[in-house]
Every structure is written in structure tokens, then in C-alpha cells.
A.B. asks: 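Have a look at this one.
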Amino acid sequence: MKCINLSLHGAEKRVQVCQRRTAASYPVSQHPPVDGHPSVPQARGSIKMEASSSGSTISSVTGGKAKAHQPEGREDLQVNQLETQIWIKPDIQKTDVDFSEILNAIQEIAKDVNIFFDELEGVNSPSKDDDSLLHHGNLTSTSDDASRLEVVGEEVPDKNKTNGLYFRDGKCRIDYILVYRKSNPQTEKREVFERNIRAEGLQMEKESSLTNSDIIFVKLHAPWEVLGKYAELMNVRMPFRIEKQISRFRGWLPRKPMKLDKETLPDLEENDCYTAPFSQQRIHHFIIHNKDTFFNNATRSRIVHHILQRVKYEEGKNKIGLNRLLSNGSYEAAFPLHEGSYRSKNSIKTHGAENHRHLLYECWASWGVWYKYQPLDLVRRYFGEKIGLYFAWLGWYTGMLFPAAFIGLFVFLYGVTTLNHCQVSKEVCQATDIIMCPICDKYCPFMRLSDSCIYAKVTHLFDNGATVFFAVFMAVWATVFLEFWKRRRAVIAYDWDLIDWEEEEEEIRPQFEAKYSKKERMNPISGKPEPYQAFADKCSRLIVSASGIFFMICVVIAAVFGIVIYRVVTVSTFAAFKWALIRNNSQVATTGTAVCINFCIIMLLNVLYEKVALFLTNLEQPRTESEWENSFTLKMFLFQFVNLNSSTFYIAFFLGRFTGHPGAYLRLINRWRLEECHPSGCLIDLCMQMGIIMVLKQTWNNFMELGYPLIQNWWTRRKLRQEYGTQGKTSFPQWEKDYNLQPMNAYGLFDEYLEMILQFGFTTIFVAAFPLAPLLALLNNIIEIRLDAYKFVTQWRRPLASRAKDIGIWYGILEGIGILSVITNAFVIAVTSDFIPRLVYAYKYGPCAGQGEAGQKCMVGYVNASLSVFLVSDFENRSEPTSNGSEFSGSPLKYCRYRDYRDPPDSPVPYGYTLQFWHVLAARLAFIIVFEHLVFCIKHLISYLIPDLPKDLRDRMRREKYLIQEMMYEAELERLQKERKERKKNGKSYHNEWP
């Protein structure tokens with residue numbers, strides 16, 4: 001036995017370190033010198049140290065013998081026994097001890113510990129790095145409140161030892177989990193990485209998986225000293241001692257029925273305190289009730305992740321960071337733990353929440369609270385600001401959809417109530433004597449105009465007098481939504497301490513470093529050399545990438561062209577179908593099947609586009625991860641937006657516009673006759689396209705977001721039940737449960753944002769043709785919020801709590817969609833709908849011409865005036881129908897009608913454009929120009945009148961800054977006065993004291 005007395009900082013206590021080996025002699029390998037000595041807590045009694053690895057636990061107990069505890073089914077290992085005891089006892093004499101002797105004693109103890117673990121590793125594990133838990137020359141790290149050294153006699157709750165959230169000592173909370181396989185060959189990199197992790201002060205414990213002995217979980221814990229050090233470096237803002245006296249902002253929506261009960265559940269909202277960047281020198285300014293809970297779990301995991309991103313795993317300037325180890329397969333996964341189960345046997349109202357995850361499930365992810373406001377403060381506290389901002393934006397977007405959905409429903413109901421008074425639909429339904437020309441070659445028959453009575457009435461539901469007002473409203477709504485979101489974001493940024501937060505200088509992507517490591521230049525910010533991409537190389541890569549984007553857009557156009565050919569061919573096929581239902585509704589059947597086929601093509605091309613966008617983005621070699629993310633986001637949005645809306649643009653602006661006229665039809669490849677609009681117009685086709693695509697797309701997205709993870713997790717649970725029984729899953733530790741959940745998407749929140757942005761485009765771009773789009777979007781978003789919440793809380797591993805000030809590049813995309821929506825709605829009203837032709841007829845050619853009126857009585861005769869006459873004998877041979885129309889009047893038809901403004905066949909210029917056609921065309925162009933300029937002026941005026949920062953928020957920020965300065969001055973003054981009183985009390989005085 002070897003003992004040595006240590007004097008701690010000149011105190012009247014001495015530490016006696018005794019070490020005894022009860023094992024055979026081992027050859028001692030050379031170990032590097034120690035970097036420092038650990039601090040020893042001043043406490044009475046013997047102290048035991050635990051270390052677990054690969055499912056085994058080594059502990060020295062008070063009795064004095066070390067024993068290796070193995071999982072059930074394994075033999076106890078008694079390779080060697082090491083006993084380390086530390087006594088702290090009073091010593092009257094104050095003598096100094098040679099510091100080198102202390103270090104030599106501690107180093108020898110460390111050698112013995114490492115020898116013990118190495119021997120255990122050789123017996124128990126085939127992998128070299130399984131049990132190398134102690135960094136050479138550093139026994140362990142300790143802290144005031146959470147230490148690997150457990151004082152015997154201090155009780156630790158049994159719940160902490162069994163819930164899977166703490167180390168085996170029940171005191172050190174697990175802040176981060178690393179997962180690797182023993183069979184993985186990257187052993188040396190992990191050894192160096194883990195040794196450097198311990199050198200940074202993080203504590204580590206290993207555990208083998210209960211379901212797969214090849215899987216090893218590395219549990220990490222950050223002591224108080226490490227948290228304080230890096231919180232100061234990262235400028236983490238923490239609450240000051242003073243509380244805000246100003247009430248929080250109130251929304252414009254009614255709060256009583258939809259607000260959560262914060263009296264019953266006080267943890268729903270954080271205390272409203274002023275915050276400041278954490279500083280260890282001014283730690284007395286901060287509210288610290290308990291050091292274990294001062295930094296919440298999300299902040300702790302973020303600090304640990306910050307450390308892991310800056311730890312080296314190999315020699316070399318670029319061999320650093322956890323992300324590189326994940327990409328090269330050294331580690332299989334890395335994630336923070338969920339805070340226990342999201343379910344509880346007890347009611348949350350009577351027993352309270354078990355943890356924040358349980359509280360989120362009951363008050364956010366449960367379907368029973370679908371009408372409640374989201375607990376955004378709790379979401380931010382658990383998942384971080386980046387995810388919190390997404391749900392804040394989604395909630396704000398959903399709330400702003402309420403007025404849009406109400407007005408859209410009003411426009412639809414207005415069409416329903418005025419349906420019986422619509423002169424145009426009346427004339428169509430009563431036009432039994434007007435025979436329309438066939439809409440396709442040969443097999444399509446002549447038809448009465450009255451046969452399209454139902455379609456005329458349905459068209460009126462969406463294309464009525466209120467449509468123009470709704471289009472203007474939606475254009476203004478998009479601007480108001482974005483402007484007020486900026487204000488809302490400013491409030492959230494203030495409440496979440498993001499106003500002064502700036503992103504750190506980003507690390508260079510490993511791929512960029514590997515590609516351009518030979519060329520370097522000085523970074524103007526850090527002043528360090530870094531890889532450099534030449535301007536010519538960057539331009540050439542951007543040109544190739546742009547060419548790839550153009551090619552993929554051409555692929556989309558080719559797919560639309562294929563759909564057009566399908567519609568042209570199948571309309572004749574359905575017209576000759578043996579079933580009367582399909583034969584009589586051949587055009588509707590063609591449109592419906594074409595939309596479904598188009599949807600399938602859209603989904604297939606989306607898979608291709610993701611791979612192409614990934615390839616092109618990597619080809620560009622972006623310098624940082626944010627540049628890569630922005631480039632990938634733009635490509636994916638462009639691809640999916642064009643893919644989703646190309647067919648809609650074709651129906652809205654090209655269908656039936658360039659078909660020619662009977663006797664002189666325009667044809668594709670001189671073979672297929674271009675498709676015509678229905679006698680009631682093309683708007684019904686556009687409504688059908690938007691309705692089917694929107695419903696199918698949202699249904700598919702919801703299934704893929706929730707259904708697919710549910711099926712995967714169910715299958716995993718099923719296999720575990722078959723292998724371990726029904727009780728096995730509940731006995732698994734938390735890290736095992738979380739590992740069996742699905743990881744978050746590789747692209748983070750990209751899929752969630754993309755889905756909502758595409759929906760926003762559908763809601764605004766063609767809203768004049770489909771006023772019910774905001775209502776469908778609202779219903780979908782109410783479900784979407786709870787689906788996403790359920791997915792984040794129950795189906796996914798807990799993502800890293802990341803910070804962000806706004807929604808990033810998506811805001812610019814939203815502004816672009818808002819501008820595009822003004823243009824498209826102007827063209828939909830002017831070109832697709834019959835609003836302009838009806839207006840021109842009412843003021844120029846109808847019964848009220850020249851009277852300045854445009855009521856329903858002024859529309860008498862409009863249908864007849866909008867149809868031209870065609871001589872049946874002028875049909876081309878390949879267009880001549882098989883029937884002669886004798887079924888209508890008993891004799892072959894001589895004339896038929898078609899939608900256009902052309903002269904009759906007996907005019908000097910047969911089938912030439914009439915004057916009314918040019919009047920309608922001029923009115924359409926004038927409307928587009930006036931509508932666009934008017935709406936853009938309104939949008940810019942609203943943007944100018946609505947400040948980005950609310951005035952009361954600006955005042956609050958100024959007052960907070962003033963109060964913090966006053967408070968810090970008073971606290972510092974109080975501290976200095978207290979020190980002066982203590983010095984006077986002790987009989988000490990100094991000159992030139994202040995104050």
C-alpha cells in the first residue's frame with residue numbers, strides 16, 4: 001500500500017491518497033505525462049469511482065474490493081482488483097508537500113487504472129476502443145454538483161439510476177449519445193477522438209446495446225465547469241435577477257377558447273426575465289437556484305455538440321469534428337436524448353407532467369388540443385429556436401389563412417346564391433336549339449349547348465362577379481401576411497433572445513477542403529489560411545449546374561407535352577367508348593384521368609429531381625454548409641414548383657387558345673388536333689386540376705411524413721416484442737428507445753418548409769380560378785401542425801437544438817411567389833375566365849350598350865354573341881364527324897356553332913376575326929396592365945406603412961437595455977460595498993478605495 005498526504009489550497013484539512021494493488025504484476029507500458037491534476041472535492045468518507053463499458057461496470061466500494069459486474073449470462077471477471085481510497089481528515093500541522101511527488105503518485109494510480117481496463121478489455125471485448133474510458137494521465141473530471149466521484153453516504157434517487165437519463169451513478173445527466181459498432185474498422189480515430197473529448201472536460205460512459213452486442217452507446221456528460229466555460233464562449237444568454245414588468249404581446253385572434261391552461265400547467269411558459277450573455281466573472285448577477293437545471297437540456301446538448309464539432313480525431317488541420325466522423329462511418333449516430341416517455345399512467349391535470357416531452361405530447365401533439373394555441377416557448381425550450389421558428393411560422397400562416405378561407409368561401413357561396421339569377425347559365429341551359437361543333441375528330445358527335453348546363457352552373461360558382469375582388473384581396477393578403485410575419489418574427493426574436501445573436505463563422509465543408517486544399521488564401525475575418533476556389537472554376541461549375549437545371553426543366557416540359565398528347569388521343573377514344581356515361585362525358589373523363597396520370601408523373605419526377613439537385617449542388621462545391629443548403633433549396637424548389645405547376649399553367653393559359661377553328665385546325669406534328677375547351681369554358685378544367693392535385697399531394701405528403709415512420713417504428717417494436725416479450729421494450733434504457741426511433745430528415749426542416757411553400761403557391765397563384773384553395777389549405781394545416789408535432793415528439797429522435805433568427809431563404813421565395821401570384825391572377829381573370837368578354841359585351845354590344853350599366857339584364861344575348869357559325873360542308877376530311885346530326889332535326893345539319901369571335905362563312909373574309917374580338921383582346925391587355933400596377937402599388941404601400949419592428953417592441957428593447965445597465969451598475973456597487981465592509985470588519989484597510 002502506498003499513501004501520500006495532499007494539502008488543499010492551504011486549508012486546515014489534508015487529503016491522504018492510498019493505493020493498493022491486489023493483482024499479479026503487469027508490464028507497464030509507456031504512458032504520456034499527465035496534463036494536470038483533477039480537483040478533489042472536500043468531503044468526508046471514502047469515495048468510489050465507477051466506470052462502465054460494453055455493458056460491464058467496475059466499481060470500488062467502501063469495503064475495498066473492486067468487482068466487475070457483467071450482464072446476466074456472463075461470468076464475473078476477476079482479472080485484477082484495484083482499490084483506490086481517498087480520505088479527507090483534519091490535520092493540525094500545515095506542511096507543504098512536494099508537488100512533483102503528488103503528480104507522480106496520481107500518475108501511477110492512473111497507470112494502474114488504465115492497466116486494469118486494458119486487461120478487462122482484452123478478456124471481454126474484441127474491439128480495442130470499447131473500454132478505453134479514461135484518458136491517459138487524467139483520472140476523471142469532477143464538478144461541484146455532478147461528478148463521477150460519488151460520495152458514499154450521499155443518497156441518489158433510484159429513479160435516476162433506472163430511467164436511462166443518467167450515468168450509472170445516478171447523478172451525471174446524459175447530455176449526448178454517440179453510437180458506433182465494434183465491428184467498425186475506424187477504431188483508432190474513435191480512440192483519439194474520445195481521448196480528446198475527455199481532455200476537454202466531458203465525462204464519458206459506455207454501454208453495450210441490449211438487443212445487439214455489436215452496438216456500443218457512448219454517453220457524454222458536461223460538468224458545470226465545462227458548461228460555464230463554453231456558455232461564455234458561445235454567448236449563451238441566461239436570465240438575470242430582475243423580472244420584466246411589462247406584459248407580453250397579445251395576438252389579434254381571440255385567446256380565451258384557444259389558450260392553454262397555464263395555471264394548471266405552469267411549465268408551459270418560461271419566466272419572463274431579462275437575459276444577458278453568461279459570464280463566469282459576473283455569475284452572481286444570474287438567477288442560479290440549482291446548477292443542475294440552470295442550463296436546460298437543449299442548451300446542454302447544444303454546448304456538448306459545439307465541443308464535439310471542434311475536437312480532433314487525427315493529426316492534420318482538417319481532421320476535426322463529429323460530422324466528419326459520422327460521414328466516414330466511425331460513428332453510426334449522434335443525438336441528444338428525449339426526456340423520458342411521452343406517455344404516463346396518471347392524468348396530467350391531476351398529477352402534472354412527467355417531463356417536458358410528456359407535456360408537449362399532451363398540450364401540443366395530441367389531437368384533443370387541435371384548436372389550441374401552440375406552446376411555442378416549450379417547443380423552443382425542448383427542440384431549439386430553429387424548429388420553434390418553423391412551428392411559429394406555420395402557426396402564423398395557418399392563422400392568417402382564416403380570413404382568406406372565409407373570403408374564399410364567401411365568394412363560392414355568393415356564386416351558389418346567385419346561380420339562379422345568372423343570365424349566362426340560364427341561356428346555356430335553355431339553348432336547346434344551338435348545336436355545337438364536335439370537339440374532336442370523327443368520333444365526337446354534334447351536341448346541344450344545353451347539354452353543358454351543369455358545367456356552366458359549376459363554372460359560375462368560381463367565375464362570378466366576386467372573383468376579381470377575391471384576386472385583389474389575395475394579392476394584398478400575401479403582402480400583409482409577409483409584412484406582419486416580419487413583425488411577429490421580431491417579437492419572437494426578442495422573447496427568445498435572438499435580436500443580438502449572430503451566427504458563428506461557419507466551418508468549411510470537408511468536400512470543399514479536399515477539393516481545393518492545394519490553393520489557399522487568407523480569410524479576411526479569421527486571418528487564417530483556408531482553401532480557395534478560383535473564380536474561373538466557380539463560374540464553369542455554375543454554368544454546368546445552370547445547364548443541368550435547364551435540361552431538367554425541359555424534361556418537365558416534355559412530360560407536359562406527353563400529357564397533352566394523352567388528352568388529345570383519349571378524348572376521341574372516350575367519345576367512342578361503349579359505356580354511355582363515359583361517352584357522354586368524354587371531356588371530363590379525359591381531364592380527370594390526365595390529372596391523375598400527371599400526379600403520378602409528378603411524384604416520380606420528384607424522386608429524380610432530388611438526386612439531380614443533390615448532384616448539381618455537390619458539383620458546384622459550395623464553401624460552407626449554409627451555402628450548400630441554400631443552393632440545394634433553390635434547386636429543389638425550382639424543380640418541384642415547375643413540376644407541380646407546369647400542367648396547371650398549360651390548362652390556364654394555353655388550353656383552347658391556339659386550336660384554330662373548324663375547317664382549319666392546328667395540329668401537333670400535323671397529326672393530332674389540339675384540345676379545345678368545353679363549351680362552358682376552360683375554367684372548369686383548371687378547377688379540377690387544382691382540386692385533385694392539391695388534395696392528392698397533401699394526402700400523400702401527410703402519409704409520407706407520419707405514416708411511413710409509424711410503419712417503420714411499429715415494425716421495429718414488433719421485432720423487439722417477438723425477441724424480448726411485451727415487458728422487454730419498457731425495460732430498455734432511454735438511449736436504446738431513442739436509437740430505435742427514426743432519425744430526423746437528412747435535410748432538416750427542408751421537406752416541411754417545401755411542402756408548405758408549395759401549398760402557399762397553390763393558394764395564391766391560381767386562387768382566382770379556385771377560391772376554395774385557402775379553405776383546403778387551412779384544413780390541411782390544422783392537421784399538419786398536429787402531425788408534425790406528433791412526429792417530432794413520438795416518432796423521431798430528438799433533434800439537436802439549433803438556433804436561427806428567421807426562416808432563412810424561404811422568406812425570399814415567399815416574396816417571389818407573392819409577386820408571381822399578382823401576374824398569374826391577372827392573366828387568369830383576363831384570359832382564362834369570361835369576365836372580360838362579359839364586361840365588353842355589357843358595355844359595348846348588349847342591350848345596355850352606352851348606358852353605363854352592367855347588370856344581369858345587360859347580359860341578355862351574350863351566349864349567342866360569343867358563338868360563331870360554321871358551315872358543316874367546310875370540314876376537312878380527317879375532321880368530318882361520322883354522324884351528320886340528323887338526330888337533332890331529322891335532316892343533316894347545315895351549320896354548327898363554336899366558341900370564337902369570327903365572321904360567318906358567307907362574309908367577304910370567311911372566318912376572319914370580328915371587331916368584337918379585337919375589343920375583347922384590347923380590354924384583356926388593358927385589364928392586365930391596370931390590375932398589376934394597381935395591386936403592386938397597394939402591396940408597396942402596405943409594405944411602407946407597416947414597420948418591420950413594432951413601436952412598443954422598440955420601446956421595450958430600449959428600456960431593457962437601460963434597466964440592465966442600471967442593474968449591473970447597482971449590483972457591482974453593492975458587491976464592492978460589501979467587500980469594503982468585510983475588509984473593515986476583518987481589520988484590513990486599503991487606500992484609494994472606491995467608492
A.B. asks: Can you list the residues that meet the salt bridge (Lys or Arg N to Asp or Glu O under 4.0 Å) rule with Arg924, with sequence neighbours excluded?
C.D. replies: none
A.B. asks: Does the side chain of Ile563 reach to within under 4.5 Å of the side chain of Tyr650, using non-hydrogen atoms?
C.D. replies: no
A.B. asks: Do Tyr361 and Tyr790 come close enough that some side-chain heavy atom pair is under 4.5 Å?
C.D. replies: yes
A.B. asks: Can you pull out every side chain to side chain donor-acceptor pair (under 3.5 Å) where at least one residue sits in residues 415-428? Sequence neighbours excluded, please.
C.D. replies: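 Pairs touching residues 415-428 that pass the test: Thr418-His460, Gln423-Glu427.
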A.B. asks: On a heavy-atom basis, which atom in Pro771 and which in Phe462 lie closest, and how many Å separate them?
C.D. replies: CD-CD2, 3.3 Å
A.B. asks: Looking only at non-hydrogen atoms, find the nearest pair between Cys363 and Pro375 and report the distance.
C.D. replies: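 Nearest heavy atoms, Cys363 then Pro375: O-CD, 3.8 Å.
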A.B. asks: Which pair of non-hydrogen atoms, one from Gly395 and one from Gln374, has the smallest distance, and what is that distance?
C.D. replies: CA-NE2, 3.6 Å
A.B. asks: Any chance you could measure Arg567, atom CZ, to Asn598, atom CG, to the nearest 0.5 Å?
C.D. replies: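 Result: 9.5 Å between the selected atoms.
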A.B. asks: Is there side-chain contact between Ile783 and Trp370, with heavy atoms separated by less than 4.5 Å?
C.D. replies: no
A.B. asks: Determine whether Lys457 and Val428 make a side-chain contact, defined as any pair of heavy atoms from C-beta on separated by less than 4.5 Å.
C.D. replies: no
A.B. asks: Give me the ring orientation class for Trp477 and Tyr397: parallel if the planes are under 30° apart, tilted from 30 to 60°, perpendicular past 60°.
C.D. replies: tilted
A.B. asks: For Lys791, does the NZ atom sit with more than 12 other heavy atoms under 6.0 Å from it, leaving out its own atoms?
C.D. replies: yes
A.B. asks: By salt bridge (Lys or Arg N to Asp or Glu O under 4.0 Å), which residues pair with Arg838, not counting sequence neighbours?
C.D. replies: Asp463
A.B. asks: Is there a donor-acceptor pair closer than 3.5 Å between any side-chain N or O of Gln640 and the backbone N or O of Leu758?
C.D. replies: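 No, the answer is negative, given that no donor and acceptor are paired below the 3.5 Å cut-off.
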A.B. asks: Check for a donor-acceptor pair, side chain of Arg448 on one end and backbone N or O of Ala431 on the other, with a separation under 3.5 Å.
C.D. replies: no
A.B. asks: Applying side chain to side chain contact (heavy atoms under 4.5 Å, CB included), run through Tyr841 and Ser866 and close with a yes or a no.
C.D. replies: CA-CA 9 Å; Tyr841 177 82; Ser866 62; over 6 Å; no
A.B. asks: Is the distance from the ring center of Tyr811 to that of Trp485 below 6.0 Å?
C.D. replies: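 Tyr811 vs Trp485: aromatic centres not under 6.0 Å.
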A.B. asks: Does Thr648 reach the side chain of Phe770, with side-chain heavy atoms less than 4.5 Å apart?
C.D. replies: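 Sidechains of Phe770 and Thr648: no contact.
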A.B. asks: Mind telling me whether Tyr913 and Trp918 have parallel, tilted or perpendicular rings, with 30° and 60° as the class edges?
C.D. replies: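 Judged by the thresholds at 30° and 60°, the geometry between Trp918 and Tyr913 is perpendicular.
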A.B. asks: For the residue pair Phe641 and Phe649, categorise the inter-ring angle as parallel (less than 30°), tilted (30 to 60°) or perpendicular (more than 60°).
C.D. replies: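 Perpendicular: the ring planes of Phe641 and Phe649 meet at over 60°.
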A.B. asks: Less than 4.5 Å apart, any side-chain heavy atom of Ile435 and any of Arg897?
C.D. replies: no
A.B. asks: Could you walk me through whether Phe637 and Ile757 pass side chain to side chain contact (heavy atoms under 4.5 Å, CB included), step by step?
C.D. replies: CA-CA 9 Å; Phe637 169 75; Ile757 299 300; 3.7 Å; yes
A.B. asks: Evaluate side chain to side chain contact (heavy atoms under 4.5 Å, CB included) for Asp806 paired with Trp393, printing each intermediate quantity in order.
C.D. replies: CA-CA 9 Å; Asp806 49 36; Trp393 176 84; over 6 Å; no
A.B. asks: Is there side-chain contact between Asp834 and Arg899, with at least one heavy-atom pair below 4.5 Å?
C.D. replies: yes
A.B. asks: Rounded to the nearest 0.5 Å, how far apart are CG of Asn643 and CE of Met603?
C.D. replies: 9.0 Å
A.B. asks: If you apply the rule side chain to side chain contact (heavy atoms under 4.5 Å, CB included), what do you find for Glu483 with Asp948, and how did you get there?
C.D. replies: CA-CA 7 Å; Glu483 291 300 320; Asp948 295 344; 3.7 Å; yes
A.B. asks: Shortest non-hydrogen contact from Thr467 to Ala768?
C.D. replies: CG2-O, 3.2 Å
A.B. asks: Would you confirm whether Ser647, through its side chain, and Val595, through its main-chain N or O, come within 3.5 Å as a donor-acceptor pair?
C.D. replies: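 Looks like no, no N/O pair under 3.5 Å.
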A.B. asks: Ala777 and Thr763: which non-hydrogen atoms are nearest, and at how many Å?
C.D. replies: CB-OG1, 3.6 Å
A.B. asks: Taking the side chain as C-beta and beyond, is there a heavy-atom pair between Phe412 and Asn464 under 4.5 Å?
C.D. replies: no
A.B. asks: To the nearest 0.5 angstrom, please state how far the CG atom of Leu394 sits from the CG atom of Leu389.
C.D. replies: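 Rounded to the nearest 0.5 Å, the CG-CG separation comes out at 12.5 Å.
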A.B. asks: Which pairs count as side chain to side chain donor-acceptor pair (under 3.5 Å) when at least one residue sits in residues 817-826, sequence neighbours excluded?
C.D. replies: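 Applying side chain to side chain donor-acceptor pair (under 3.5 Å) to every pair that reaches into residues 817-826, excluding sequence neighbours, yields nothing.
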A.B. asks: Please, which pairs that meet side chain to side chain donor-acceptor pair (under 3.5 Å) have at least one residue in residues 764-778, sequence neighbours excluded?
C.D. replies: none
A.B. asks: Locate the shortest heavy-atom distance separating Ala826 from Glu932; write the atom from each residue and the value.
C.D. replies: CB-CG, 4.0 Å
A.B. asks: Determine whether a donor-acceptor pair (N or O, by modelled atom type, separation under 3.5 Å) exists between the side chain of Thr479 and the backbone of Lys939.
C.D. replies: no
A.B. asks: Is it true that, when you exclude Phe654 itself, more than 12 heavy atoms of the residues, nucleotides or ligands shown sit nearer than 6.0 Å to its CZ?
C.D. replies: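 No.
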A.B. asks: Tell me yes or no: between the side chains of Tyr845 and His919, is some donor less than 3.5 Å from an acceptor?
C.D. replies: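 Yes - a donor-acceptor pair under 3.5 Å links their side chains.
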A.B. asks: Excluding sequence neighbours, so at least two apart, what forms ring pair (Phe, Tyr, Trp, His ring centres under 6.0 Å) with Tyr414?
C.D. replies: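 Partners of Tyr414 under the ring pair (Phe, Tyr, Trp, His ring centres under 6.0 Å) test: none.
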